[in-house]
Each structure stands twice: as structure tokens, then as C-alpha cells.
Undergrad: 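Right, I'll just put the structure down here and ask away after.
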Amino acid sequence: KTESPKKYANFSASKLMLAGSWNPEEFQPQDFLMSEKLDGMRALWDGRKLVSRGGNKIYAPKFFIDEFPSHVALDGELYAGRGQFKKTVSIARKKMSGEEERW
């Protein structure tokens, strides 16, 4: 669900929603943007920066986040491909120093 980043001004990334049981009386699928569960790294874009579920900064290169919206918060997955979870985490945690091509 897309929401204003202002809602996340004092947001703790550790409070990101985890998977749970779907209650059709509580939530309707047409109210959300969703996709298949990927084996990726959870990420939150707050309109300014990208952070992990644990609140750690994700060192995304400028070209990767340049066109992310500044007026919408995004919650999703960074994904490098099936069976590539360790690679995804390794890339996201590494400070950029000429390794932008890994993104």
C-alpha cells in the first residue's frame, strides 16, 4: 500500500509488517499492491533513504534511487534472483566504492 512518507517521519523500520494470516473481513486485496514472495531483502524507502527491516542503511547507488518518489513511502524487496539471497544482502550492506555495477 503506498502512503505518504510523512507517516514514516518517526517510523522504526523494526515495526515493518511481517507476513501473517489474511483475514478477508479486515483487508481486501484490491486495496493493496502486491506480488509473489521473493527470496530477497526487505527494504523501506521513506522518501529520502533506503533502510532494512532492522533499520540499517542500505547503500544503494545514486542511479538506483534517483527516480524513487520523494512523496511516497515504499515497502518491498531487493532481489538479485532465485537462490541469490546472500548475494543480495552482501551488495546492499556494502558501502559503494566503485562497485555500482553489482547493482
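What you are looking at is a predicted structure, and each value in this text was computed from that prediction instead of being measured.
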Undergrad: Under 4.5 Å between any side-chain heavy atoms of Phe68 and Leu50, yes or no?
TA: yes
Undergrad: Got a donor-acceptor contact below 3.5 angstrom from the Trp45 side chain to the Pro69 backbone?
TA: yes
Undergrad: Taking the side chain from Thr88 and the backbone from Gly40, do they hold a donor-acceptor pair closer than 3.5 Å?
TA: no
Undergrad: When rounded to the nearest 0.5 angstrom, what distance separates CZ in Phe64 from CG in Leu78?
TA: 5.5 Å
Undergrad: Looking at every non-hydrogen atom in both residues, tell me the closest pair between Glu77 and Asp39 and how far apart they are.
TA: OE1-C, 4.5 Å
Undergrad: Between Arg93 and Ile58, is any pair of side-chain heavy atoms under 4.5 Å apart?
TA: no
Undergrad: Distance check, rounded to the nearest 0.5 Å: Ile91 atom CD1 versus Lys86 atom NZ?
TA: 14.5 Å
Undergrad: When rounded to the nearest 0.5 angstrom, what distance separates CE in Met41 from OG in Ser52?
TA: 5.0 Å
Undergrad: Just wondering, do Ser70 and Arg48 contact through their side chains at under 4.5 Å, heavy atoms?
TA: no
